[in-house]
Amino acid sequence: MCGRYTIAAGAEFIGPYFDIEGPLPEFHPSYNVTPGSDAPVIWQAPADGRACSLMHWGLIPHWAKEPSSKYKMINAKAETLAERPAYRSAYKHRRCLIPTSGFYEWHSEAHGKQPYFIRMKQAPLFAFAGLWEYWEGEHTINSFTIITTPANELVGKIHERMPAIMLAENYNTWLDPNFGDESVLQELLQPVDSALLQMYAVSTAVNNPINDSADLIKPL
DNA sequence: CCAGACGTTGTT
DNA sequence: GTCTGG
DNA sequence: CCAGACGTTGTT
DNA sequence: GTCTGG
């Protein structure tokens with residue numbers, strides 16, 4: 001799955017990389033983005049260009065009675081997006097990209113859990129595939145979830161699943177709210193080739209959400 | 001019909 | 001054990 | 001994902 | 001909102 005990631009770039013890098021023409025939100029680079037925090041999301045309205053907004057990590061379905069309820073979904077299985085009531089409409093109309101520079105997975109070992117950091121070899125910045133949703137209350141809350149796929153060969157050494165990585169050549173198709181060919185969308189969500197990734201063990205300092213520095217991604 | 005759930009992961 | 005907060 | 005709390009009363 | 005279970 002994907003329960004922690006990094007975004008070691010400021011808005012000044014995100015804008016150009018994702019071809020955002022409009023305004024960019026303020027956010028700080030982070031080596032420890034945790035569920036429940038606000039993070040930048042790239043999305044596209046039906047008759048508009050790409051936009052970047054901060055959203056809440058943990059999708060709140062629009063029918064949730066309270067935004068603080070138990071319905072905060074941080075991950076969504078790629079294989080069942082079209083069936084799940086909580087995701088079906090977002091899958092059709094509100095697909096998004098989550099800018100990232102890498103993610104963490106934990107491996108259960110004899111002595112405890114060992115965190116690993118996984119990044120793209122050739123891309124300091126890339127994107128997870130995700131879905132976003134809005135919740136109408138006193139204030140509107142926008143939230144997102146990260147889609148997961150079965151792990152590829154590399155990540156499979158330590159974990160069963162991993163986040164869906166969207167390749168840059170497919171950004172347009174994935175973000176287009178008018179695109180509806182589900183078999184193509186499922187193709188775009190296939191596990192990324194192991195050859196594109198690099199993985200190594202890191203300190204358990206990442207475990208505590210309070211820690212946030214470049215030291216977190218130093219190889220052990 | 002109304003009431004209640006709506007999710008993933010890992011572990012057992 | 002289970003929920004909440006980060 | 002992991003870490004940390006999880007409770008009430010009366011008193012300061 | 002929509003589906004499932006009673």
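Just so we're on the same page: letters track the sequence lines, and every chain starts at 1.
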Practice item. Ignoring backbone atoms, establish whether A:T80 has a side-chain N or O less than 4.0 Å from OP1 or OP2 of B:dT8. Key: yes
Review point. What residues form a side-chain hydrogen bond (donor to acceptor under 3.5 Å, both in side chains) with A:T148, not counting sequence neighbours?
Key: A:R161
Every protein N/O within reach of nucleotides 10-12 of chain B N/O, cut-off under 3.5 Å:
{"from": "B:dG10", "atom 1": "OP1", "to": "A:H159", "atom 2": "ND1", "distance (Å)": "3.4"}
{"from": "B:dG10", "atom 1": "OP1", "to": "A:H159", "atom 2": "NE2", "distance (Å)": "2.2"}
{"from": "B:dT11", "atom 1": "OP1", "to": "A:S108", "atom 2": "OG", "distance (Å)": "2.6"}

Review point. What dot-bracket string describes DNA chain B from 5' to 3', counting Watson-Crick and G-U wobble pairs whose defining distances are under 3.5 Å, with [ ] for crossing pairs and | for pairs to another strand?
Key: ||||||......
Practice item. Could you list all the salt bridge (charged side-chain N to carboxylate O under 4.0 Å, His left out) pairs where at least one residue sits in residues 34-58 of chain A, not counting sequence neighbours? Key: none
Review point. Which residue pairs pass the ring-ring contact (aromatic ring centres under 6.0 Å, His included) test with at least one member in residues 59-79 of chain A, sequence neighbours excluded?
Key: A:W63-A:Y71
Check your understanding: By side chain to side chain contact (heavy atoms under 4.5 Å, CB included), which residues pair with A:E136, not counting sequence neighbours?
Key -> A:Y134, A:T140
Exercise for review: Could I get the full list of side-chain hydrogen bond (donor to acceptor under 3.5 Å, both in side chains) partners for A:R95, not counting sequence neighbours?
Suggested key: none
Point to revise | Residues that A:W135 engages under side-chain hydrogen bond (donor to acceptor under 3.5 Å, both in side chains), provided they are two or more places apart | key: none
Study note, to complete from the structure: For A:R119, the salt bridge (Lys or Arg N to Asp or Glu O under 4.0 Å) test, sequence neighbours excluded, returns none
Check your understanding: From B:dC6, D:dA3, B:dT8, pick the nucleotide closest to the side chain of A:A86?
Key -> B:dC6
Practice item. Under the salt bridge (Lys or Arg N to Asp or Glu O under 4.0 Å) rule, collect the residues that match up with A:K113, sequence neighbours excluded. Key: none
Review point. Using the ring of each side chain (for Trp, its six-membered ring), is A:Y104 parallel, tilted or perpendicular to A:W106, with breaks at 30° and 60°?
Key: tilted
Study note, to complete from the structure: Protein-proximity profile, nucleotides 1-6 of chain C, B/S/- by nucleotide at the 4.0 Å heavy-atom cutoff, equals -----B
Study note, to complete from the structure: For residues 6-31 of chain A, the ring-ring contact (aromatic ring centres under 6.0 Å, His included) pairs (sequence neighbours left out) are A:F18-A:Y171
